[in-house]
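Contents: one structure, followed by commentary.
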There are 2 protein chains.
Amino acid sequence: MDAIDIKILNCLKTNSRQNASAISEQINLSVSAVIERIRKMESNGIIKQYTVVLNSAQTGNDMSAFISVSIEHPKYHQNFMDKVTGMPNIRECYHITGEFDYLLKLEAGSTAQLELVLNSVKSIDGVSHTHTLVVLSTVKNEISGMPLLMQNLKGFK
Amino acid sequence: MDAIDIKILNCLKTNSRQNASAISEQINLSVSAVIERIRKMESNGIIKQYTVVLNSAQTGNDMSAFISVSIEHPKYHQNFMDKVTGMPNIRECYHITGEFDYLLKLEAGSTAQLELVLNSVKSIDGVSHTHTLVVLSTVKNEISGMPLLMQNLKGFK
DNA sequence: CTTGAAAATAAATCGCG
DNA sequence: CGCGATTTATTTTCAAG
C-alpha cells in the first residue's frame, strides 16, 4: 500500500459507486492502473466490503444505546458472543478492559423496542450486571478508516 | 419505501458496487425499475452514501478505545463537539445520558498513538472527568442498518 | 413496471515506455 | 509498473405497450 492506493481508497470511501475512470481523473492515474490497484486491494483483503450508509432517521431506527455487560464466569463468554451476534438490534459488540466485559451498541425504532432488546441482553446466560447509556444525539460517526490513513502522508488530493 | 426498496438496499449493503443489472437479477425486477428506485432513494436522502469498509488490521489502525467524558459546564459543549469533530482519531462521538456527557470511540495504530489521543481529549477545555475502556477485540460490527429494516418484512430475498 | 433497441460508457487487452 | 489506443462487453437511456 502506497500513497496512490490511499488516494484511491479515499475516493471509494467518499463514493464507492464511482467507476475507475472517475477515480482516474481525480488522482491523475490511468484507468487501467486504477482498476488494477483496486483489484489488488480487493483480493488481498484491504478492501473488505463496499456498502451503503442509510439515513437511520428515515429508515426508522434512529434510537440507540450502549450497554455495558459483566459476565459472571468465563464459561459463558462464547454463548454470550454467539447470542449477541445473532441479534439484529445489536449492531456492535466489543470485548473491553475494565469493570465490564463487553460494550454493546443497540439500535431500535422506539423506546419500547429498545426496552425489549435491553431485556433480552440481560437475560442471556451468565450476564450478571449491566449498565445502560442512551444516546441523545450522534455528534460524529465516521465509518471506515480513511482520515487516519492519511495522517502520515503529505500530499494527497 | 416498500419491500422492494428494502431488497435493493440489502443488495447495496452487501456490495454497493454492483450495478443495476446485477441487482435486477437478484430481486426479479427490471433494470430500469431498479435504477429508478435507487435514484429516488439517493435523492430523497434514504441513501446517504456509498462507502468502503477496510481491513483495519492491514491499514494499521486496529487499536481502539472508548472514552467517556464529563464536561464541567454547558458553555463548553459546543467547543468540545467542534474539537472532537476535527480529530481524525476520534471516529465516533455520542451525547449520552447518565454519569458522563459524551462517549467517544477512538482508533489508533499503537498504544503510543492512543495515549496521545487520550491526552488531547482530556485537555479540551471543560473536560472535567474521563473514563477509558480499551477494546480487546471486536466481536461484531455491523455498519449500516439493514438487518433491522427487514425484521418487519416476511418475504425478502 | 416491462421491454428492447440505440446510444453512451466502461472494462479488458496488449504492445510499448 | 504505468500508459493509452483499440477492441469487447456492459450499462444506461428512452420510447412504447
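Between E92(B) and K140(A) there is no salt bridge, since no side-chain N of the basic residue sits under 4.0 Å from a carboxylate O of the acidic one. E142(B) and K13(B) are joined by a salt bridge, as a carboxylate oxygen and a charged side-chain nitrogen come within less than 4.0 angstrom of each other.
Within a 6.0 Å radius of NZ in K40(B), no more than 12 heavy atoms belonging to other residues, nucleotides or ligands are found.
No close placement of the Y94(B) and Y102(B) rings is indicated, their centers lying 6.0 Å or farther apart. Aromatic ring centroids of H131(A) and F66(A) lie 6.0 Å or more apart.
Residue R37(B) places its side chain closer to dC1(C) than to any other of dC1(C), dT12(D), dG2(D). Closest contact between the side chain of N19(B) and the listed nucleotides dT10(D), dG2(D), dC1(C) involves dT10(D).
N28(A) has its CG atom 11 Å from the P atom of dG4(D), to the nearest Å. As a whole-Å value, the separation of E25(B) CD from dT2(C) P is 14 Å. If you take CD of E36(B) and P of dA15(D), they are 14 Å apart, rounded to a whole angstrom.
Checked by atom type, the side-chain pair N61(B)/T59(B) shows no donor-acceptor distance below 3.5 Å.
A residue-by-residue look at K40(A) and R17(A) shows that K40(A) has its nearest nucleotide of DNA chain D further toward the 5' end.
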Study note, to complete from the structure: Under a 4.0 Å heavy-atom criterion, the protein footprint on nucleotides 12-17 of chain C, written with B, S and -, is SB----
